[in-house]
> 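Starting off with a structure, shown below.
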Amino acid sequence: MRPDGPGALRQATDRQPEGGDTPDPREPIALLFRDLRTSGRGLPEREAARRQAVYGPNTLARRGGRRWPRELAQQFTHPLALLLALAAVLAAVSGAPALAVAIVAVILLNAMLAFAQEQQAENAVEALASFLPEQATVVREGVRQEVAATSLVPGDVLVVEEGERISADARLLSGGVEVDLSALTGESVPVFRSAELVDVEGSLLDARDLLFSGTACTGGQAQAVVTATGMHSELGRIAALSQRTRREESPLEHQVKRAARLIALVAIGVGLAFLPIGLAAGLSLAAAVSFAIGLLVANVPEGLLPTITLSLASGVRDLARRGAVVKRLSAVETLGSTTVVCTDKTGTLTENRMLATAVWTPGGECPVDVAVDPPPEVQLLARAAAACTTAHPDAGHGDPTEVALLDLAGRLGVTCAPEQRDLDRRALFRFDPRIKLMTTADSEDGTVVLHTKGAPEEVLTHADQLLDHGSQRHLTPADRTAVVHAVGTLAARGLRVLAVARRPLPPGQAPPDRREEAEQNLCLVGLIAMADPARPEVAHAITLAHRAGITVHVVTGDNGLTAAAIAGQVGIGHHGSRIVTGTELAAMGDRELDTLLARGEEVIFARTSPEAKLRIADALRAEGHTVAMTGDGVNDAPALRRADIGVAMGRSGTDVARESATMVLTDDNFATIIAAVEAGRRTYDNIRKFIVYIFAHAVPEVVPFLVFALAGGAVPLPLTVMQILAVDLGTDTLPALALGRERAEPGLMDRPPRPRGEKVIQRSMLARAWGFLGLISACLVMGGFLLTLTLGGWHPGDPTGPGTALHLTYQQATTVTWLGIVACQIGTAFAARTERASLRSIGVLSNRQLLVGIGFSLAFAAAIVYLPPLHHVFGTAALDPTQLAIVAPFPFVVWGADELRRALVCRRTPAPVTPVRFAPAPLQPSVEASGHHPVAVLLARHGWSAHRLQHALGISEHAAEEIVAHAHRVAAEHGRRTP
């Protein structure tokens with residue numbers, strides 16, 4: 001009995017509850033009332049207020065609070081930010097306040113951008129909180145009243161009605177409701193929950209007498225006792241997982257810090273090295289210090305961080321136009337290093353629309369997309385299926401499966417208007433996900449007919465008759481085998497299969513009150529196969545992914561055979577690819593899961609839970625993979641945050657998933673993920689091109705100082721500090737920014753993913769920048785300088801200072817040096833546009849931003865060379881045509897030399913071998929390698945016993961036991977290492 005009396009309530013509330021204690025919500029109601037110290041009349045107001053102080057408000061707590069001052073301050077301690085700050089100080093000391101102000105502005109801008117990106121964790125928790133309603137209806141001391149949802153406490157009696165969002169986890173006391181659990185499970189089909197359906201085994205989310213915070217009631221009315229609130233609820237558990245799952249530093253962020261340290265060492269080392277060399281060459285201490293500062297400033301790439309930021313921002317804009325919204329700039333680069341994509345099936349690989357494409361009756365399979373009169377048994381099948389629905393397509397309500405069934409009836413000429421269907425209905429037993437059945441009792445010609453639809457194996461369990469060519473007969477074991485084979489054949493084509501049965505009641509008999517009585521002695525009418533077709537562009541995207549060395553796993557809540565069939569259609573997996581059920585995955589240890597994933601096979605994970613997705617992401621990342629994980633429900637939030645790239649669905653996804661993810665697909669399309677990977681690779685390549693560019697022109701800026709110092713003053717200084725600053729300030733930035741917008745090189749998606757720890761600056765890049773492009777540029781520049789001096793009558797050791805006969809010649813020679821560096825920059829910019837391919841393959845003039853940047857550099861150079869007011873500032877002089885002719889070939893020499901080098905390298909390097917992948921083999925529906933039917937084996941792998949298989953499928957006891965044993969062997973094989 002339930003302790004409903006006031007004495008029992010007083011006795012139950014004598015002991016103060018503890019906030020951390022949560023009773024088992026599945027224990028008998030009497031025990032649950034005792035443990036919660038409540039009753040069916042609800043809590044007294046005073047007791048509810050006391051529990052509120054103990055348990056706290058029914059909200060999702062945020063860990064740690066706001067720490068924005070410290071987080072903002074951390075943005076200014078980035079190595080590159082510190083290096084830029086040093087450059088700003090030195091620029092100010094060296095007499096370039098404008099440059100110093102510009103660098104400070106860059107530091108502030110990048111710090112604010114980074115700070116804004118770090119606020120995503122709080123946004124995800126706030127989005128979870130939005131799933132909780134503001135008001136709730138409760139019964140307290142027997143009186144129904146409205147209270148704030150935040151004031152709910154364990155022990156409250158909650159009233160749940162259609163259209164309301166549920167405020168807390170609760171156990172049903174009376175009534176039944178249809179609940180949308182998609183926020184927690186990702187499954188779009190509403191489920192039925194009733195106080196009469198008691199489950200004490202399995203997961204809490206599957207219990208048919210429990211309700212959960214954040215879900216929505218779509219039909220019915222019930223009362224329930226609250227068992228958990230706030231962070232102790234299932235929604236709170238997911239929120240806690242989301243907060244514990246911290247975003248790690250992206251590969252680019254890590255490598256930029258390494259690059260900043262390298263650049264700092266080079267810049268400071270060159271500056272300090274020149275100081276003693278300048279003194280040894282006879283310079284005064286002040287002059288040596290001035291030149292050392294000039295060298296250090298020249299080697300600090302002021303545009304590195306903004307160019308990286310703008311390059312990433314460009315990638316973000318390009319992806320947005322393609323249907324992918326990226327919320328963190330560095331994620332664009334991380335996408336380029338993706339090695340594994342874990343994708344959902346419905347809506348991502350498929351179009352997320354159901355259409356009935358075939359039906360099966362004992363007379364055989366019959367397509368429904370041809371304009372022919374269907375047989376009578378097919379019309380009866382369509383009529384029975386349409387009667388067993390609750391959808392109203394014209395009003396925009398209804399499950400997609402039921403909408404497809406009504407559409408099928410219309411196409412076959414069967415009249416079944418939803419309004420008339422509802423008028424003829426006498427009883428309704430809503431779809432129960434545990435038994436996978438739905439039954440209605442409908443009036444037909446004065447009699448009541450029971451219509452049942454659901455999973456074929458469940459309908460077979462409850463059927464003992466078969467409608468064969470219009471007449472009922474006994475359902476034999478051979479018939480059951482034929483049905484199982486038909487289900488396997490249809491499922492192997494990627495179709496979702498429903499079985500439909502009926503049972504006319506004797507005239508005058510009322511429909512049963514209990515579904516157990518209604519769903520027995522059924523007559524199987526036939527099967528209906530529905531397709532959620534694969535997106536046409538996905539197969540090509542999978543091909544691109546495979547060419548790029550990316551592994552694609554399917555992680556879905558759907559049936560394994562259907563998921564495997566869709567995967568095979570789009571090219572995921574190969575002959576022998578594995579289907580791992582949620583039951584099998586839960587039984588695996590971490591070592592077995594690691595072994596399974598280390599094989600390199602593309603695996604289909606079916607019926608997965610939120611924890612399973614998190615485990616899969618962790619296991620893959622532990623193997624060194626860069627993981628992109630898709631998801632759309634609240635339950636996916638922890639995995640989306642744990643993955644390197646969390647990908648949420650923009651159309652079908654929840655707000656929580658979108659907040660937790662790094663990238664949101666506005667079209668829910670897998671092909672967009674691969675397009676994003678390609679954009680990430682292109683962005684990373686462009687960043688490396690920019691780095692090659694800035695490193696290369698540092699050499700011709702440093703070499704003239706070394707020549708001057710090593711010559712002991714016999715060769716005058718080829719450059720001035722202001723000329724170096726003019727290069728960095730005026731001619732360097734725009735071409736560098738343009739390189740960040742470069743189009744992709746041919747063969748970009750034919751390369752394997754780069755290793756997770758690969759350095760953004762590699763030895764080959766330094767060799768190309770310093771030892772090839774930079775060295776050629778330095779030789780050209782110094783050659784132009786010495787040639788100009790020699791043509792003007794200079795000999796080593798001749799004075800060139802102010803007032804001497806060679807002073808104008810010296811100024812022209814330094815101008816040739818400076819202009820030569822600008823010219824070599826242009827050649828280097830064209831050379832850096834490609835790393836492997838010839839520039840002709842992407843178009844010499846295809847980068848319009850680069851052409852604009854070069855045009856600005858030339859205009860700036862012309863102003864410095866030919867405007868007299870600037871001559872004094874920069875120490876330049878106007879050049880005659882002969883001196884311009886010396887500089888004019890420099891870009892073509894640099895560019896041409898690099899083209900020749902690439903041609904030689906490509907000739908010596910063998911073509912990359914594309915990884916060989918097995919062509920997807922169609923699943924054989926009739927027989928597995930073991931000789932057992934895959935449908936039967938899959939049922940056993942989902943936990944069906946031998947007795948249940950024997951009864952449902954009409955097989956012998958021995959065969960059923962063999963199937964169960966084989967299923968156990970399959971599960972054990974998943975975690976074994978291959979010999």
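Excluded from the calculations below are hydrogen atoms, water molecules and symmetry mates; all remaining heavy atoms, backbone and side chain alike, are included.
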> Rounded to the nearest 0.5 Å, what separates atom OG in S213 from atom CD1 in I166?
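CD1 of I166 is found 8.5 Å from OG of S213.
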
> Applying the side-chain contact (heavy atoms from CB on, under 4.5 Å) test to F670, which of D344, L665, V341 qualifies?
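Among D344, L665, V341, the one that satisfies the side-chain contact (heavy atoms from CB on, under 4.5 Å) with F670 is V341.
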
> For the CG atom of D644 and the OG1 atom of T662, what is their distance to the nearest 0.5 Å?
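With rounding to 0.5 Å, CG (D644) is 8.5 Å from OG1 (T662).
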
> I'd like to check the side-chain contact (heavy atoms from CB on, under 4.5 Å) partners of L204; sequence neighbours left out, ordered by chain and number.
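L204: side-chain contact (heavy atoms from CB on, under 4.5 Å) contacts with P25, R26, L210, F212, E234.
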
> Can you list the residues that meet the salt bridge (Lys or Arg N to Asp or Glu O under 4.0 Å) rule with D156, with sequence neighbours excluded?
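Partners of D156 under the salt bridge (Lys or Arg N to Asp or Glu O under 4.0 Å) test: R140.
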
> Mind checking the CD-CZ spacing from E141 to R46? Nearest 0.5 Å is all I need.
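Answer rounded to 0.5 Å: 9.5 Å.
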
> State, yes or no, whether a side-chain contact exists between T626 and R621 at a heavy-atom distance under 4.5 Å.
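Result no, sub-4.5 Å side-chain heavy-atom pair not found.
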
> Please check this pair: side chain of R41 against backbone of V143, looking for a donor-acceptor N/O pair closer than 3.5 Å.
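The answer is no, because no donor-acceptor pair under 3.5 Å joins these two groups.
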
> Return the set of residues passing salt bridge (Lys or Arg N to Asp or Glu O under 4.0 Å) with E623 (not counting sequence neighbours), or none when no residue passes.
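Counting only residues at least two positions away or on another chain, E623 forms no salt bridge (Lys or Arg N to Asp or Glu O under 4.0 Å).
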
> Does L620 reach the side chain of C342, with side-chain heavy atoms less than 4.5 Å apart?
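A side-chain contact exists here, since the closest heavy-atom pair is under 4.5 Å.
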
> Would you sort out whether R37 and R51 count as a side-chain contact (heavy atoms from CB on, under 4.5 Å), showing the intermediate values?
CA-CA 11 Å; R37 297 173 296 285; R51 295 192 184 191; 3.3 Å; yes

> Mind checking what makes side-chain hydrogen bond (donor to acceptor under 3.5 Å, both in side chains) contact with T350, not counting sequence neighbours?
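Testing T350 for side-chain hydrogen bond (donor to acceptor under 3.5 Å, both in side chains), a comparison that skips the adjacent residues, returns D532.
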
> Find the distance between OG (S174) and CD1 (I29) and round it off to the nearest 0.5 Å.
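Rounded to the nearest 0.5 Å, the OG-CD1 separation comes to 10.0 Å.
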
> Taking all non-hydrogen atoms of both residues, which atom of A207 and which atom of R193 are closest, and how far apart?
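Result for this residue pair: O-NE, 3.1 Å.
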
> Check for a donor-acceptor pair, side chain of S194 on one end and backbone N or O of G176 on the other, with a separation under 3.5 Å.
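Such a contact is absent between S194 side chain and G176 backbone.
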
> Find out whether L335 and M663 are in side-chain contact, i.e. whether some heavy atom of one side chain is under 4.5 Å from a heavy atom of the other.
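A side-chain contact under 4.5 Å exists here.
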
> Residues two or more places apart in sequence or in another chain: which of them pass side-chain contact (heavy atoms from CB on, under 4.5 Å) with A195?
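Result, side-chain contact (heavy atoms from CB on, under 4.5 Å) vs A195: L172.
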
> Got a sec, which residues hit side-chain hydrogen bond (donor to acceptor under 3.5 Å, both in side chains) with D169, two or more places apart in sequence or on another chain?
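So D169 forms no side-chain hydrogen bond (donor to acceptor under 3.5 Å, both in side chains) with any residue.
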
> I'd like to know whether L32 forms a side-chain contact (heavy atoms from CB on, under 4.5 Å) with T227, so could you lay out the CA-CA distance, the side-chain angles of the two residues, the decisive distance to 0.1 Å, and finally the verdict.
CA-CA 9 Å; L32 186 62; T227 58; 4.2 Å; yes

> Could you give the distance from CG (L585) to NZ (K613), rounded to the nearest 0.5 Å?
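The CG atom of L585 sits 12.5 Å away from the NZ atom of K613.
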
> Please report the C-alpha distance between F605 and I616 in whole Å, then the side-chain angles of each, then the deciding distance to 0.1 Å, and finally whether the side-chain contact (heavy atoms from CB on, under 4.5 Å) criterion is met.
CA-CA 10 Å; F605 294 96; I616 293 168; 3.7 Å; yes

> Output all residues satisfying salt bridge (Lys or Arg N to Asp or Glu O under 4.0 Å) with D209, sequence neighbours left out; order by chain, then residue number.
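D209 satisfies salt bridge (Lys or Arg N to Asp or Glu O under 4.0 Å) with R171 only.
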
> Tell me, please, which residues at least two apart from E164 pass side-chain contact (heavy atoms from CB on, under 4.5 Å).
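In terms of side-chain contact (heavy atoms from CB on, under 4.5 Å), with neighbours along the sequence ignored, E164 is linked to T137, E161.
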
> Could you tell me which residues satisfy salt bridge (Lys or Arg N to Asp or Glu O under 4.0 Å) with D590, sequence neighbours excluded, listed by chain and number?
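Partners of D590 under the salt bridge (Lys or Arg N to Asp or Glu O under 4.0 Å) test: R615.
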
> List the residues meeting side-chain contact (heavy atoms from CB on, under 4.5 Å) with Q52, not counting sequence neighbours, and say none if there are none.
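With sequence neighbours excluded, Q52 shows a side-chain contact (heavy atoms from CB on, under 4.5 Å) to P57, S151, V153, given in chain and number order.
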
> Holding to side-chain hydrogen bond (donor to acceptor under 3.5 Å, both in side chains), I want the full list of residues that pass it with T672, two or more places apart in sequence or in another chain.
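Testing T672 for side-chain hydrogen bond (donor to acceptor under 3.5 Å, both in side chains), a comparison that skips the adjacent residues, returns D667.
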
> Minimum heavy-atom separation for L158 and A136, please, with both atom names.
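In terms of heavy atoms, the two residues are closest at CD1-CB, 4.0 Å.
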
> Considering non-hydrogen atoms only, spot the tightest contact between Q223 and V139 and give its length.
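That would be NE2-CG2, 4.1 Å.
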
> Quick one: are L597 and H553 in side-chain contact, heavy atoms under 4.5 Å?
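L597 vs H553: side chains touch.
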
> Please round to the nearest 0.5 Å and tell me the distance separating atom CD of Q135 and atom CZ of R165.
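Here the interatomic distance stands at 15.0 Å.
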
> For E27, which residues count as a side-chain hydrogen bond (donor to acceptor under 3.5 Å, both in side chains) partner, sequence neighbours excluded?
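Result, side-chain hydrogen bond (donor to acceptor under 3.5 Å, both in side chains) vs E27: none returned.
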
> Tell me whether E178 contacts the main-chain N or O of F192 through its side chain, where contact means a donor paired with an acceptor under 3.5 Å.
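Such a contact is absent between E178 side chain and F192 backbone.
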
> Shortest non-hydrogen contact from A619 to D594?
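What the structure gives for the nearest pair is CB-OD1, 3.4 Å.
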
> Are H392 and D422 linked by a side-chain donor-acceptor pair shorter than 3.5 Å?
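On atom types as modelled, these side chains qualify, holding a pair under 3.5 Å.
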
> Just do the side-chain contact (heavy atoms from CB on, under 4.5 Å) check on V159 and V138 with the steps written out, would you?
CA-CA 6 Å; V159 178; V138 297; over 6 Å; no

> Output yes when a side-chain donor or acceptor of R591 lies under 3.5 Å from a complementary backbone atom of G589, and no otherwise.
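It does not hold such a pair.
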
> If you take all heavy atoms of V147 and L152, which pair is closest and at what distance?
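Taking every non-hydrogen atom into account, CG2-CD2, 4.3 Å.
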
> What closest approach, in Å, do A224 and L211 show between heavy atoms, and which atom pair accounts for it?
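In terms of heavy atoms, the two residues are closest at CB-CD1, 4.4 Å.
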
> Looking only at atom types and distance, does a side-chain atom of E47 sit under 3.5 Å from a main-chain N or O of P44, one as donor and one as acceptor?
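No: the side chain of E47 does not pair with the backbone of P44.
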
> Are any of the side-chain heavy atoms of D668 and T348 separated by less than 4.5 Å?
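No. Closest side-chain heavy atoms not under 4.5 Å.
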
